[in-house]
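Chain letters run A, B, ... following the sequence lines, proteins first, then strands; residues in each count from 1. In this text, all values refer to a predicted model and were calculated from it rather than measured experimentally.
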There are 2 protein chains.
Amino acid sequence: MITDTPRPRAPTTPSGPDTLVRDLLQGLAEGRYAPGQRLAEPDLMTRYRLGRSTVREALTRLAAMGIVTQLPHRGAHIRLLSRRAARDVLRVTAPLLGLAARQAAEAVAAGADPQALRAASQDYDSAVENRARARARYYRALTSLAGNAELDRLLPMLQVHLIRAQLRDNRPPGRGARQALVAAVINADPDTAEAAAHAHIQPLIAALPALPDSLFAPE
Amino acid sequence: MITDTPRPRAPTTPSGPDTLVRDLLQGLAEGRYAPGQRLAEPDLMTRYRLGRSTVREALTRLAAMGIVTQLPHRGAHIRLLSRRAARDVLRVTAPLLGLAARQAAEAVAAGADPQALRAASQDYDSAVENRARARARYYRALTSLAGNAELDRLLPMLQVHLIRAQLRDNRPPGRGARQALVAAVINADPDTAEAAAHAHIQPLIAALPALPDSLFAPE
DNA sequence: CAAGGCGGTTTCGTCAGACGATCTTGTCAG
DNA sequence: CTGACAAGATCGTCTGACGAAACCGCCTTG
């Protein structure tokens, strides 16, 4: 029946399918894995020294996150976005990032300390290697400030990192817009923060049509 | 030497973890399952006549959808939202539904036929039983008109249905706002459609604080 | 020589059983 | 009544197995 509610998660060692999921995400950021790549279960079993159940569970999770697509009896592939799909992802990203920025600014207005966000953003600016890590920290600081658990859950499901992996060096830089976003949050100005989020994403959408076909899956 | 043959699966069953996922979602809408309820693997195995791998995969999927929370060594529960979590969910829902409405209206402006949406909305109005089905059809018509695959993927991950299951009869009706939304989409008016979506969700958020504590998980 | 069908091989979907680790619960001593 | 311990239940992961579906190469046929 209706029992107690989830209690705080014990500090467990990151064992299990997590390792695979984590490594694949990291490998995607580092270029060791590429969108479109096939992921065969036997291969992953030997590569990570895991049982099939474990590999399978990891793939299921990745599929649920949208990183991986599974076709019946044809295995799993790292999702390769079509131009349209990329546009759709970004269109969805804009309002969600906007909401995060808005709620973060509201939190600051309510007395929260934006120090962590400022620091993470500066680290991101100055990071030369391990930029993926710095970026992750920046986004975590933003969502943690926003304090919306649902956003925490959904934002990783947006395959912005997929787009990043797919476009690699063909993206316009977004540093200025991000700095504007952080400044608005620190100034506790929700409307400006939300607008900055949109301004951060919009150029990416606008840049898509000009990119070469070779970067995308056929429609 | 190894015991029984692995059950020749009846061709009638749609087969797979889908059955469990689907039935749990439906059962949630029908009240057979309640938020907060524990879902033990052995129980599900016998209840659905499935192997553990299959049950496990279904639970993983449900967890990724946010319907279920899994705690290490403590099993899976149907997520029971706290008042704050419910508010967070709705805050996220608003811009996403807004985007769906906007893109649907844009599609109509570009020549798409809104007939299916109109019909689904009317069915939803007049449905007395099987309202869950009618609602699902309505949302599908909306997102299909919007034509954004990413929205299709994310909207089911919003636990609006969880909120629905949790609040049951304590929700204010949203019929008027929905009709306004549909009208704006049919009129190919994106701004009005998006605003109607917000107007649809906002009363729900506003109603939350007045609801009794007993409906929510403790913070 | 090209097209198409056939069988073998690979991989997937699902199941069964097992083992250690961990959580829950019931009981008992203080 | 509280705290501690033992028993039981459950979970995480592994191994092994089997049918089914998809893929691939070969061979036949027109």
Side-chain angles (χ1 to χ4, degrees), chain A residues 1-24 33 36-65 67-80, chain B residues 1-24 33 36-65 67-80 217-218:
Chain A
M1 272 298 147
I2 299 184
T3 60
D4 52 352
T5 53
R7 275 180 242 166
R9 160 179 298 247
T12 56
T13 51
S15 73
D18 281 329
T19 49
L20 204 167
V21 170
R22 193 127 22 186
D23 183 80
L24 195 136
Y33 287 103
Q37 178 174 345
R38 173 116 197 269
L39 299 174
E41 293 177 12
D43 186 20
L44 296 176
M45 283 170 67
T46 63
R47 185 128 39 110
Y48 290 90
R49 303 251 164 71
L50 293 173
R52 202 141 90 89
S53 329
T54 315
V55 167
R56 212 139 216 297
E57 176 151 347
L59 287 179
T60 306
R61 264 191 239 174
L62 288 165
M65 280 193 267
I67 308 293
V68 149
T69 60
Q70 285 174 307
L71 295 157
H73 290 280
R74 254 187 273 171
H77 289 77
I78 301 182
R79 197 167 161 207
L80 179 63
Chain B
M1 67 178 260
I2 291 296
T3 58
D4 306 41
T5 61
R7 179 201 322 282
R9 176 162 293 284
T12 58
T13 53
S15 104
D18 282 328
T19 46
L20 205 167
V21 170
R22 193 126 25 188
D23 182 80
L24 194 135
Y33 287 102
Q37 180 174 346
R38 172 115 197 268
L39 298 174
E41 291 177 13
D43 187 21
L44 296 175
M45 283 170 67
T46 64
R47 187 125 44 105
Y48 290 91
R49 301 254 161 69
L50 293 172
R52 201 138 91 91
S53 328
T54 314
V55 167
R56 212 141 218 298
E57 176 154 344
L59 287 178
T60 305
R61 262 192 239 174
L62 287 166
M65 279 194 266
I67 309 293
V68 149
T69 59
Q70 284 174 306
L71 295 152
H73 291 282
R74 258 186 267 172
H77 295 253
I78 300 182
R79 200 167 159 205
L80 179 64

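Among all heavy-atom pairs drawn from B:Ile78 and B:Val68, the shortest one is CA-CG2, 4.3 Å. A pairwise comparison of heavy atoms in A:Gln70 and A:Ala63 identifies OE1-CB, 3.4 Å as the closest pair.
Across D:dT13, D:dC23, D:dC11, the shortest atom-to-atom separation from the side chain of A:Pro17 is found for D:dT13. The side chain of A:Arg74 lies closest to D:dA22, out of C:dC12, D:dC11, D:dA22. Nearest nucleotide to the B:Arg52 side chain, out of D:dT13, C:dG13, C:dC12: D:dT13.
Scored by the side-chain hydrogen bond (donor to acceptor under 3.5 Å, both in side chains) test, B:Arg79 finds A:Glu150 as partners (sequence neighbours excluded).
The local environment of CZ in A:Arg38 is crowded, with over 12 non-hydrogen atoms from other residues, nucleotides or ligands closer than 6.0 Å.
Per the geometry, CD belonging to B:Glu57 stands 17 Å off P belonging to D:dC11, to the nearest Å. Spacing between atom CG of A:Leu39 and atom P of C:dT11 amounts to 13 Å, rounded to whole angstrom units. Computed from coordinates, the B:Leu71 CG to D:dT10 C1' distance equals 13 Å when rounded to whole Å. As rounded to whole Å, 20 Å separates atom C1' of D:dG12 from atom OH of A:Tyr48. The distance between atom CZ of B:Arg56 and atom C1' of D:dC11, rounded to the nearest whole Å, is 6 Å. Going from atom NE2 of A:His77 over to atom P of C:dT11 covers 12 Å, rounded to whole Å. Atom CG of A:Leu44 is separated from atom P of C:dT11 by 11 Å (rounded to the nearest Å). Rounded to whole angstrom, the span from the NE2 atom of B:His73 across to the C1' atom of D:dC11 amounts to 6 Å.
A residue-by-residue look at B:Ala76 and A:Pro72 shows that B:Ala76 has its nearest nucleotide of DNA chain D further toward the 5' end. When the nearest nucleotides of DNA chain C are assigned to A:Ser53 and A:Gly75 by heavy-atom distance, the more 5′-ward of the two goes with A:Gly75.
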Test side chain to side chain contact (heavy atoms under 4.5 Å, CB included) applied to B:Leu24 and B:Leu44, step by step: CA-CA 11 Å; B:Leu24 194 135; B:Leu44 296 175; 5.6 Å; no
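For A:Arg38, no side-chain nitrogen or oxygen approaches OP1 or OP2 of D:dA22 to under 4.0 Å.
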